[in-house]
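Chain identifiers are assigned alphabetically (A, B, ...) following the order of the sequence lines, protein sequences preceding nucleic acid strands; residue numbering begins at 1 within each chain. Only heavy atoms go into these numbers, but all of them, side chains included; no hydrogens, no water, no symmetry mates.
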Amino acid sequence: MRTRSHRLPTSVRTVVAVVLAAVLGTACVARDDSARDGGGDFGAVPEGCSPVDMAVSPEKVELLTDLARRFNGSDEAKAANTCAFVRVKRVSSGTAAQELTQGWPDETTNGPKPVVWSPASSAWGAIVNHRLAASGQPAIAAVATGSGAVSPNAAKPFMLTPLVIAMPRPMAEALGWPQTPIGFGDILKLAQDPAGWGGKGHPEWGPFRLGKTNPNISTSALSATIAQYYAATGKTRDLSAEDLARPEVDAFARGVESSVVHYGDTTLTFLNNLYRNDARGASLTYASAIAVEEKSVIDYNRGDPDGIRAPGEEPKPPRVPLVAIYPKEGTLLSDNPFIVLDAPWVSPEAKAAARLFERFVLQADNQRRVVSFGFRPGNPQVAAGDPIVPANGVDPNQPQNVLGVPDPAVLARIVDLWGEQRKAARVLVVIDVSGSMGEPGDNQGHTKLDLAKQAAVDALGLFKAEDQVGLRIFSTDLSRTEPTDYVDLLPLAPVGAQREQIATKIRALVPTNGTPLYTVTKDSFSFLRDSYDPARINAVVLLSDGKNEDPRNTNLDPLLTLLRSGSEGGQSGRPVRVFPIAYGKDADPAVLRRIAEATNAAVYEATNPATINRVLVEVISNF
Amino acid sequence: MRRVLAVVAAAAMVVGSLALRSRLDDRKDERSQVLRLTCATELEAACRQLEEADGRLKVTVEPAGTTASRLAEVDGEAGLDGWLTTGPWPEIVDLERRSAALEPLFTAPRPPLARSPLVLVVATERAAVLAPRCAGTAVGWKCLGEAASTAGGWAALGGRPEWGNVKPAHASPVADGVGALVLGQAVSSWFGRTDLSTADLEDEEFQRWFAALEGAVAPSAGSPLTTLLVAGPGVVDAAGTTEAEAGPSLANSARRNSLTLLYPSPMATADVMLATAAGDGPSGSLSRLVEGGKGREALAAAGWRVDGQRRAPGVSDSPALGPGSGLPSPGFLDALRARWREVTS
């Protein structure tokens, strides 16, 4: 039976949209680098200047921040009646799309309402316009999508990077690279081969594992999903809703999704995990291929997997480099449009000021800087030279065929369908109910547990009906019988059948004793590994607000050894991911990070309990 | 007698001084007069140069289609003193006004200030594959449209499979000044003549070709040539535009060695004209400024062919231009724009 769409009821979607609005804000992007939080402090806007607030996608925030700092105060920032002062804010493309559809309600998290929006792809602008049109509102993002000649006013790209399939070089070679063109069809065949890499003479690499992010948030995932559909239909343009509905197309899409390791909001999770595995000589057992932008392959091979170099950081190239496969069916470009919004809050003066910055960014010198960051230039006078060179695993002569971005209605349908076709999940939600969860969580009288409970209930709506979800709570001496430190309130079962039951159980939680973090992590992990379902993403979501407080189990190392031993492996591997959430200021993010890394997952931080809603949405985007 | 002569002389002096004062006042008025010039997007560089050279000029740049839509409906003050654009856009505006029972806005067309042949910029490797399919003629729009409808794309034409489908591009004929001219040339190439009427648009064979061509056109933000130069032949394999854009752009492009500039048949030109409002007003001053030396220099510097002016880099006198634009009539171009809307919506 066809599962329920991942598209959510309106009420839930509203909540989700609000939550997503701040996904890239302070709390939930903790991962490894808090500097990735935004574009930095630009100081006060000089008197007489128009502020140009710019929302940009994460992979180029460092570049745009650098360019904005050079621009502000320069002669180029001044015109006859205008003085521009650019402030850059990091907002993921999908999140910004959600925000713009609703009039950018959350300025606290996402920064001021933007004058300029630069998502990674024009496709996001088309999605915004489509959603606005559905509610009877005018378009605000002039972009070139669909087919045919378009308005000369459409936002122009100022740098580009194609979607590629990044593969560890030995794996690409096993598929015949570089002589043999490789496409999504080849990947599907390999993903569906029971022998996995054994069919290519490498049983030690286990099954084929695809790394792919969530197309509701991530551009590389959106592009990869579009490209999959093109591959499934054999078309290279004019993808239609009828095409998407064909049974063989549905089967193709489900086949590709079935090989996914896990999803997520950003490809950096995969690249960081791969890099860490590479350091211990295990990169070939984590992911076989990751759908990423070409720029990410360059960054990875230069020893900078997240593309953001901290001061003093010495990049160390990986032992096994990645190579960029340009799918033979064609690929999509992340065209990074410079969209001066036609939104009600954008004044003519601000638009004029924004155009000054656009002109500055397109200057040849600044475009050479764009190239140095691994992007292809938007100024035709500038060549795409180093680092876009074969030595970095990429081919400047590719892609030879770029697939068209479908019409907005088809795009929206693709995102909806992904919710149905994505790999199902099997998730044990483990919630800390220790005494400290009873401490104040906000200034409105809610405890930390109150906020977590509400967020968890809201997040239940993000699972699709066939996802299996179970609920476990933990605190020391919670039960009189073994195991004493945790209780399963609901067993793993399809969430569609027990969504309300889980919500009721969550609402009834009360804070109790200490935090037996290691024990509950070990047992939850072991439980999922022992009952592993290869057709699903098997994962633990572990929400904890404190340090391990269990005198009977104080040693972290055995736990980490256990987690690592089960994380990947060959054909018989049973990878179970643990996604910890460090909740509140007393949580132990360092330990939780080590737990996440041991299972090739990611840690999320909600230092401010009021941000837990956003964090949970991001965590659930892994499934 | 002497008294009479003195009175006459005094009167003449008074009249003369009054006349002189009047002329001086006129010149002062002219110097302080604001001249509102609307420029089509493809002429922005020249207009900006003029604006910098003369403080009276207030330039507005917008796509010719945007200006045309507004002017076709305006009843009263047009909001501009002159429109620098390519022909026959002013004639299209007046045609639409007449059909809406409005008075024409512009004086009769004058000789073009500058000209530029319409060209195709094609990825060289792909042009070589296409050439044998073009029945002995140079690669052009007729042949591109036929190639675009070939099942199997480039692979079936003898090219590399990874090139995908044939992806020609032109700007929107509804919005963009040059887009309408390029489409007119494309359609003329299919019929092999320029004396086209709206009845020709009903030819079924033509309609199939036209639908195939337009279905294959790659979307591009702004100029299709810029898309080709920036994103490469993976996005656009052949872009139609003016020599004024293509010549200098190719000369400066990092991709110039992999692209070929073609002058498709039948030769057609984008002819720049200053359209001014009929009747009194500042159009005389504007004409003197735009059609004078500074205007001609600015247009030549922007890549347009202007008699007696040096050519911009990438632009030469070859091929020579014919006496007329080589395009179908303004009425046909307007009908073609409407048909294009139907086919692409």
Side-chain angles (χ1 to χ4, degrees), chain A residues 80 122 125-126 142-162 181 183 230 234-238 326-333 335 337-339 362 364 367 371 376-385 396-405 407, chain B residues 40-42 62-66 123 126 153-154 159-165 167 169-179 182-183 214-237 249-256 258 340 343-345:
Chain A
S122 288
V143 289
T145 56
S147 56
V150 294
S151 161
N153 290 330
K156 294 162 187 65
F158 62 93
M159 53 194 220
L160 305 101
T161 186
Y230 273 120
K235 287 182 153 187
T236 57
R237 63 178 186 229
D238 301 333
Y326 302 84
K328 65 184 178 191
E329 300 95 343
T331 191
L332 284 99
L333 279 178
D335 58 349
F338 192 99
I339 304 173
L362 283 168
Q367 287 287 303
V371 174
R376 300 187 183 208
N379 178 336
Q381 295 177 18
V382 177
N397 294 317
Q398 291 284 355
Q400 288 291 320
N401 186 35
V402 173
L403 303 167
V405 175
D407 287 328
Chain B
T41 310
E42 60 272 19
E62 65 184 9
T66 306
R126 301 184 189 198
W154 280 109
R160 287 160 53 189
E162 64 265 33
W163 293 350
N165 288 315
K167 298 175 286 290
H170 59 72
S172 160
V174 170
D176 186 86
V178 173
V182 170
L183 193 64
E214 292 307 315
V217 164
S220 51
S223 149
L225 176 64
T226 304
T227 301
L228 170 56
L229 296 177
V230 168
V235 178
V236 169
D237 339 91
S249 298
L250 275 180
N252 290 318
S253 168
R255 289 186 192 268
R256 60 184 170 273
S258 61
W340 179 84
V343 168
T344 57
S345 61

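- A donor-acceptor pair under 3.5 Å links the side-chain atoms of B/Asp237 to the main chain of B/Lys167, judged by distance alone.
- When the ring pair (Phe, Tyr, Trp, His ring centres under 6.0 Å) test is applied to A/Phe158, the partners found at least two apart in sequence or on another chain are A/Phe338.
- Between the B/Ser253 side chain and the B/Ser249 main chain, no donor and acceptor come within less than 3.5 Å of each other.
- For chain A, the option among B/Asn252, B/Thr226, B/Leu229, B/Val343 with the highest count of heavy-atom pairs below 4.5 Å is B/Asn252.
- For the set A/Pro337, A/Gly378, A/Pro162, the count of heavy-atom pairs under 4.5 angstrom toward chain B peaks at A/Gly378.
- A/Asn379 places a side-chain N or O within donor-acceptor distance of the main-chain N or O of A/Leu362, the cut-off being under 3.5 Å.
- The most heavy-atom pairs under 4.5 Å with chain A, out of B/Ala254, B/Pro161, B/Ser258, B/Gly65, come from B/Ala254.
- With a threshold of 4.5 angstrom between heavy atoms, B/Ala123 does not approach chain A through any atom at all.
- For a residue to count as touching a neighbouring chain, one of its non-hydrogen atoms must lie under 4.5 Å from one of that chain's; by this rule A/Pro181 does not touch chain B.
- Proximity to chain A is absent for every atom of B/Arg256, based on heavy atoms less than 4.5 angstrom apart.
- A donor-acceptor contact shorter than 3.5 Å links the side chain of B/Arg126 to the backbone of B/Pro233.
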